[in-house]
Amino acid sequence: MVPLFDPNPQNAALASGLREAFDSLLASGRFILGPEVEAFEREFAKRIGVPYAVGLSSGTDALLVALMTLDLAPGDEVICPSFTFFATAGSIVRAGGKPVFAEVLPGTFNIDPADVERRITSRTRAIVPVHLYGQAADMDPLMEIAEKSNIAVIEDAAQAFGARYKNREAGSIGTFGAFSFFPTKNLGGLGDGGLLTTNDAALAKKAVILRNHGMDPKYYHQTIGGNFRLHALQAAFLRVKLRHAAGWIEKRRQNAAFYLRRLQQSATGCKSPNDSSSNAQCYEKPILLPHEHADCDHTWNQFTIRVGGGRRDHLKAFLAERQIGSEIYYPCPLHLQECFLSFSEGKGSLPITEAIAGECLSLPIYPEITDAQLASVAEAVGQFLQS
Ligand SMILES: *Cc1c(COP(=O)(O)O)cnc(C)c1O
């Protein structure tokens with residue numbers, strides 16, 4: 001049996017440290033913000049190489065708070081990819097903005113800067129690139145577009161803790177970096193948690209005020225915030241886990257290298273999945289493998305292949321029969337979600353996104369997966385392709 005993800009071996013190995021963190025917090029009685037949250041923020045900021053980190057209740061709330069600092073007016077537009085998790089665009093609407101969905105690049109699954117540039121208008125206030133599956137979006141052209149238009153860039157780094165772009169940390173490049181500590185992420189907590197990173201002191205202060213009802217000073221409110229606080233207990237657990245995170249990412253990289261070696265043979269002809277011109281030709285090939293872009297240190301939060309010829313769901317079922325977990329991240333792009341249809345040009349408007357949504361399948365790659373399990377997944381995929 002190979003589950004898609006299993007949090008237990010990682011946490012079991014750290015059980016005594018996690019119990020100590022719990023005992024110490026229990027004894028302290030400091031459950032809301034306080035020293036554990038402050039210490040975690042300091043350690044996380046240092047790890048990312050930014051001066052400010054603000055602990056928040058989830059990755060979703062990190063995106064929401066970042067967008068709330070922009071004070072969006074009705075009609076203000078925020079550009080994001082359509083091929084991402086719901087929260088990316090859900091937060092834009094909740095903050096009062098209008099999501100504008102951009103196309104992704106077929107090789108990296110990340111937002112296409114040229115398409116972003118085409119969608120800039122006088123109402124555009126921000127870009128939210130997503131570092132999907134653990135690999136950074138192409139930040140240089142995005143930052144250039146943002147600087148030219150004088151708009152913010154909020155990196156959705158929920159899946160990309162530890163990723164690098166041209167030797168800079170994901171989440172340290174834009175106006176804000178939004179992180180998630182959902183258990184499946186690269187730094188997974190024991191529950192929900194999130195965080196914003198920024199280089200801007202004024203914006204960091206604004207985020208700190210917004211996460212606590214917009215209160216400043218106590219019981220006085222110039223702005224409407226919410227309760228977006230990171231739990232002190234979660235911060236205490238995350239401090240224990242942060243010390244080990246680099247090793248887990250290294251394991252993910254090794255696991256990806258293993259799959260790439262093993263599956264290369266099955267995926268004959270798909271040698272250059274990074275070549276965007278190869279998009280058409282992938283439909284003739286059995287599968288298209290993901291790859292690490294030359295500018296990026298991929299963290300492989302997900303290992304996502306493309307299965308052509310309408311066979312993706314068959315492969316998922318074939319793996320399930322062999323008790324191998326897999327998942328479709330994401331089957332319905334955001335521009336086709338019912339709740340976003342009023343912001344969308346509908347079916348056919350983002351053809352690359354729509355093609356990927358019909359072909360993508362993520363395989364188990366969590367750090368503690370065994371070599372035997374990895375081999376059995378690769379073997380099953382190979383068998384399917386020969387069947
Ligand atoms: C997980 C995720 C989020 C939301 O994070 P939560 O902590 O679950 O709220 C946002 N964006 C992306 C791309 C994600 O993968």
Side-chain angles (χ1 to χ4, degrees), residues 4-5 7 40 44 53-68 78-95 97 99 101-102 104 108-111 126-137 139 142 153-163 170-171 174 176-197 207 211 226-231 234-235 237-238 241 245 252 290 298-304 327-335 337 339-340 353 356-357 360 362 365-366:
L4 179 66
F5 173 72
F40 176 61
F44 195 93
V54 182
L56 295 157
S57 30
S58 68
T60 304
D61 290 336
L63 289 166
L64 179 62
V65 168
L67 288 155
M68 284 172 81
V78 178
I79 302 173
C80 71
S82 171
F83 191 63
T84 175
F85 179 57
F86 166 81
T88 310
S91 311
I92 294 170
V93 179
R94 289 174 67 201
F101 296 111
V104 291
T108 62
F109 306 104
N110 279 325
I111 198 164
I127 307 168
V128 185
V130 178
H131 305 319
L132 201 71
Y133 303 146
Q135 174 159 250
M139 290 304 293
L142 292 170
V153 175
I154 298 165
E155 296 175 64
D156 183 341
Q159 299 181 8
F161 168 76
F176 282 110
F179 291 88
S180 166
F181 308 120
F182 189 83
T184 58
K185 307 295 163 97
N186 289 344
L187 176 59
L190 312 187
D192 279 309
L195 181 142
L196 274 179
T197 48
R211 84 169 160 189
N227 177 352
F228 302 125
R229 299 182 296 252
L230 176 64
H231 294 187
Q234 205 52 247
F237 290 148
L238 286 165
K241 297 199 75 174
R252 286 179 181 278
H298 200 323
T299 60
W300 300 100
N301 184 250
Q302 299 296 342
F303 186 92
T304 304
E327 191 52 277
I328 300 165
Y329 300 117
Y330 299 93
C332 178
L334 300 190
H335 73 288
Q337 296 285 353
C339 64
F340 295 133
T353 293
I356 294 172
C360 60
S362 300
I365 193 165
Y366 60 96

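One-based numbering, in listed order, for ligands and for the atoms of each. As the structure is a prediction and not an experimental result, all values here were calculated from the model.
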(message) My understanding is that only residues two or more places apart in sequence, or in another chain, count here; which of them pass salt bridge (Lys or Arg N to Asp or Glu O under 4.0 Å) with Arg252?
(response) none

(request) For residues Phe44 and Phe181, determine if any side-chain heavy atom of one lies less than 4.5 Å from a side-chain heavy atom of the other. (result) yes

(message) Gln135: which residues meet the side chain to side chain donor-acceptor pair (under 3.5 Å) condition with it, sequence neighbours left out?
(response) none

(message) If you compare all heavy atoms of Phe101 against all heavy atoms of Ala89, which two are closest, and at what distance to 0.1 Å?
(response) CE2-CB, 3.7 Å

(request) May I ask you to check whether Ser58 and Asp192 show a side-chain donor-acceptor distance below 3.5 Å? (result) no

Go ahead and list the nitrogen or oxygen contacts between ligand 1 and the protein that come in under 3.5 Å, distances to 0.1 Å, or just say none.
| residue | atom | partner | partner atom | Å |
| --- | --- | --- | --- | --- |
| ligand 1 | 5 (O) | Ser180 | OG | 3.3 |
| ligand 1 | 7 (O) | Gly59 | N | 2.7 |
| ligand 1 | 7 (O) | Ser180 | OG | 2.6 |
| ligand 1 | 9 (O) | Gly59 | N | 3.4 |
| ligand 1 | 9 (O) | Thr60 | N | 2.8 |
| ligand 1 | 9 (O) | Thr60 | OG1 | 2.5 |
| ligand 1 | 11 (N) | Asp156 | OD1 | 3.3 |
| ligand 1 | 11 (N) | Asp156 | OD2 | 2.8 |
| ligand 1 | 15 (O) | Gln159 | NE2 | 2.8 |
| ligand 1 | 15 (O) | Lys185 | NZ | 3.0 |

(message) Going by the rule side chain to side chain contact (heavy atoms under 4.5 Å, CB included), which residues pair with Ala95 if we only count those two or more places apart in sequence or in a different chain?
(response) Leu64, Leu67, Met68, Leu72

